[in-house]
Chemist: 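Just passing along the structure, written as structure tokens.
FYI, the numbering just counts along the sequence from 1.
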Amino acid sequence: AYVNYNIDGVSFNWNDNSTNSSNYLNEEMNHAVEINFNNFIVITDSFSLNVIPFANANLGPDLSICIGDFQLLNLENTLNVVYKWQDNSSLNNFLATDTGYYNVEVNHLGCYSYDTIYIDYAPMPFVDLGNDTTICENTLDFLLTPQTNGTSYKWQDGSTLENYNVIDEGLYFLEVALGQCVNRDSIIIRSKEKIKLGNDTTICEGEPLLLSVDTIYDDYSWFDGYKEPIKIANYNSEQWLNVTIDGCKIFSDTIKISVELKPILNSVFNDTLICEDEPIDLNVSGEHYESILWHNFSEDTITSIIGSG
């Protein structure tokens with residue numbers, strides 16, 4: 001605060017030892033001055049100075065960020081401070097979403113502070129490796145060429161050439177940069193390989209075998225004309241399948257399925273009564289069996305029973 005008495009022919013004595021008729025006061029305290037009129041009359045004047053803290057409207061340096069990102073301009077939320085942005089909004093923060101100038105006025109009990117920032121939204125690079133694909137050739141060896149306007153490149157293995165030589169199937173991804181902005185894309189490369197249906201197997205009569213392959217293919221054609229990825233096999237046969245993906249026809253191997261007939265027992269046993277200690281012979285016959293096992297662990301076709309049970 002600046003105080004000036006503008007009186008001639010008098011002397012001044014401030015409590016900070018200044019002797020000028022004017023004084024710059026910047027401390028929050030009681031200030032006093034003695035005014036001496038030719039040593040005859042002395043007048044003392046005093047007053048309190050209340051210093052209002054300065055609210056700093058600091059938005060920082062100008063920025064350049066990528067399209068798709070957003071910059072939140074944030075000021076400290078202080079009591080008795082009024083904020084006024086370029087659109088007349090009054091929060092202590094502002095979300096910048098476009099290129100341009102952003103300015104704020106900060107009013108703290110009549111003390112004003114101002115700041116302006118310019119934000120430039122830089123374009124994101126585009127990059128396209130294409131759709132996931134299957135290579136029809138049995139051997140993979142081709143050049144993966146991205147569609148991009150990026151000026152620098154980084155592949156999944158750290159290499160930095162624009163194109164990538166593919167020799168194995170798998171996931172490939174590319175990160176491209178245009179200035180400070182970065183974008184990414186990925187692609188899955190599959191090779192033409194036979195589909196595995198499993199080893200030749202034997203099933204029991206009435207117990208079907210479930211054959212299935214991945215559901216990623218565009219078309220399925222089993223040896224008997226069936227068109228789904230999952231098939232039930234329940235008879236003697238040699239099963240095979242071919243599928244189509246991305247225009248490539250892939251053949252499966254062949255699985256041989258043998259069906260074993262269930263054993264047939266021709267003998268029928270009815271509950272019966274026998275005399276005590278009198279044995280009874282039980283005889284079994286049938287078809288399609290290889291072995292017999294009785295309750296007493298006998299493996300013959302005839303076993304003798306003594307006693308109830």
Chemist: With the threshold set at 4.0 Å, does a side-chain nitrogen-carboxylate oxygen contact exist between Glu169 and Arg190?
Modeler: no
Chemist: Looking only at heavy atoms, what is the nearest atom pair of Ile230 and Ser212, with distance?
Modeler: CG1-CB, 3.9 Å
Chemist: When you measure from the side chain of Thr151 to the backbone N and O of Ala177, does any donor-acceptor pair fall under 3.5 Å?
Modeler: yes
Chemist: Is the side chain of Asn149 donor-acceptor paired with the backbone N or O of Pro125 at a distance under 3.5 Å, no angle test?
Modeler: no
Chemist: Of all heavy-atom pairs between Glu260 and Thr202, which one has the smallest distance, and what is that distance?
Modeler: CG-CG2, 3.3 Å
Chemist: Calculate, to the nearest 0.5 Å, the distance between atoms OG1 and CD belonging to Thr254 and Glu238 respectively.
Modeler: 6.5 Å
Chemist: Same hydrophobic cluster for Tyr121 and Leu178, using side-chain heavy-atom links shorter than 4.5 Å among ILVMFWY?
Modeler: no
Chemist: Which value, rounded to the nearest 0.5 Å, describes the distance between Glu162 atom CD and Leu143 atom CG?
Modeler: 9.5 Å
Chemist: Holding to side-chain contact (heavy atoms from CB on, under 4.5 Å), I want the full list of residues that pass it with Gln239, two or more places apart in sequence or in another chain.
Modeler: Leu211, Trp222, Phe223, Lys231, Ala233, Tyr235, Ser237, Ile255, Ile257
Chemist: Has Tyr153 got a side-chain atom pairing as donor or acceptor with Gly150's backbone, closer than 3.5 angstrom?
Modeler: yes
Chemist: Give me the atom names and distance for the closest heavy-atom approach of Tyr172 to Ile167.
Modeler: OH-N, 4.3 Å
Chemist: Mark yes or no for whether Asp120, through its side chain, and Ser64, through its backbone, hold a donor-acceptor pair below 3.5 Å.
Modeler: no
Chemist: Please tell me whether Val259 and Leu209 are part of a single hydrophobic cluster in this structure, the criterion being side-chain heavy atoms less than 4.5 Å apart.
Modeler: yes
Chemist: Counting only N and O atoms by type, is there a donor-acceptor contact under 3.5 Å from the side chain of Gln147 to the main-chain atoms of Asp128?
Modeler: no
Chemist: Could you tell me the separation between the CG atom of Asp224 and the CG atom of Leu241, rounded to the nearest 0.5 Å?
Modeler: 10.0 Å
Chemist: Does one hydrophobic cluster hold both Val182 and Leu129, with members joined at side-chain heavy-atom distances below 4.5 Å?
Modeler: no
Chemist: Spell out, as yes or no, whether a donor-acceptor pair under 3.5 Å connects the side chain of Trp14 to the backbone of Asn20.
Modeler: yes
Chemist: List the steps, then state whether side chain to side chain contact (heavy atoms under 4.5 Å, CB included) holds for Ile65 with Phe70.
Modeler: CA-CA 8 Å; Ile65 60 179; Phe70 301 103; 6.0 Å; no
Chemist: Looking at CG of Asp132 and CD1 of Ile189, how far apart are the two atoms once the value is rounded to the nearest 0.5 Å?
Modeler: 7.5 Å
Chemist: So, using side-chain contact (heavy atoms from CB on, under 4.5 Å) as the criterion, who are the partners of Tyr114 when residues are at least two apart?
Modeler: Glu105, Tyr112
Chemist: Rounded to the nearest 0.5 Å, what separates atom OG in Ser113 from atom NE2 in His108?
Modeler: 12.0 Å
Chemist: Is it true that, when you exclude Asn199 itself, more than 12 heavy atoms of the residues, nucleotides or ligands shown sit nearer than 6.0 Å to its CG?
Modeler: no
Chemist: Look at the side chain of Thr148 and the backbone N and O of Phe126, then say whether any donor-acceptor pair between them is shorter than 3.5 Å.
Modeler: yes
Chemist: About how many Å separate CD1 of Ile187 and CZ of Phe173, when rounded to the nearest 0.5 Å?
Modeler: 13.5 Å
Chemist: Check side-chain contact (heavy atoms from CB on, under 4.5 Å) between Pro208 and all other residues, then give those that pass, not counting sequence neighbours.
Modeler: Ile232, Asn234
Chemist: Decide yes or no for Asn74 and Asn92: does some side-chain heavy atom of the first lie under 4.5 Å from some side-chain heavy atom of the second?
Modeler: yes
Chemist: Does Gln86 reach the main-chain N or O of Asn103 with its side chain, forming a donor-acceptor pair under 3.5 Å?
Modeler: yes
Chemist: Can a donor-acceptor pair be found, under 3.5 Å and without considering hydrogens, that links the side chain of Asp219 to the backbone of Thr244?
Modeler: no
Chemist: How far apart are the C-alpha atoms of Leu174 and Asp185, what are their side-chain angles, what is the distance that settles it, and do they pass the side chain to side chain contact (heavy atoms under 4.5 Å, CB included) test?
Modeler: CA-CA 6 Å; Leu174 173 64; Asp185 195 24; 5.8 Å; no
Chemist: Apply side chain to side chain contact (heavy atoms under 4.5 Å, CB included) to Leu73 and Tyr102, showing your working.
Modeler: CA-CA 9 Å; Leu73 303 174; Tyr102 296 84; 3.8 Å; yes
Chemist: For Leu91 and Tyr83, which heavy atoms make the closest approach, and how far apart are they?
Modeler: O-CB, 3.4 Å
Chemist: For Ser159 and Tyr164, which heavy atoms make the closest approach, and how far apart are they?
Modeler: OG-CE1, 3.6 Å
Chemist: For residues Val82 and Trp85: do they belong to one hydrophobic cluster (side chain heavy atoms under 4.5 Å, members Ile, Leu, Val, Met, Phe, Trp, Tyr)?
Modeler: no
Chemist: For a side chain to side chain contact (heavy atoms under 4.5 Å, CB included) check, start with the C-alpha distance between Val213 and Leu197, then their side-chain angles and the critical distance, and finish with the verdict.
Modeler: CA-CA 7 Å; Val213 295; Leu197 294 179; 3.8 Å; yes
Chemist: Just by modelled atom types, is the Leu109 backbone N or O under 3.5 Å from a matching donor or acceptor in the Asn80 side chain?
Modeler: no
Chemist: Any side-chain heavy atom of Ser186 within less than 4.5 Å of one from Leu171?
Modeler: yes
Chemist: Should Val81 and Val104 be counted in the same cluster of Ile, Leu, Val, Met, Phe, Trp and Tyr side chains packed under 4.5 Å apart?
Modeler: yes
Chemist: How close do Pro229 and Thr215 get, counting heavy atoms only, and between which atoms?
Modeler: CG-CG2, 4.1 Å
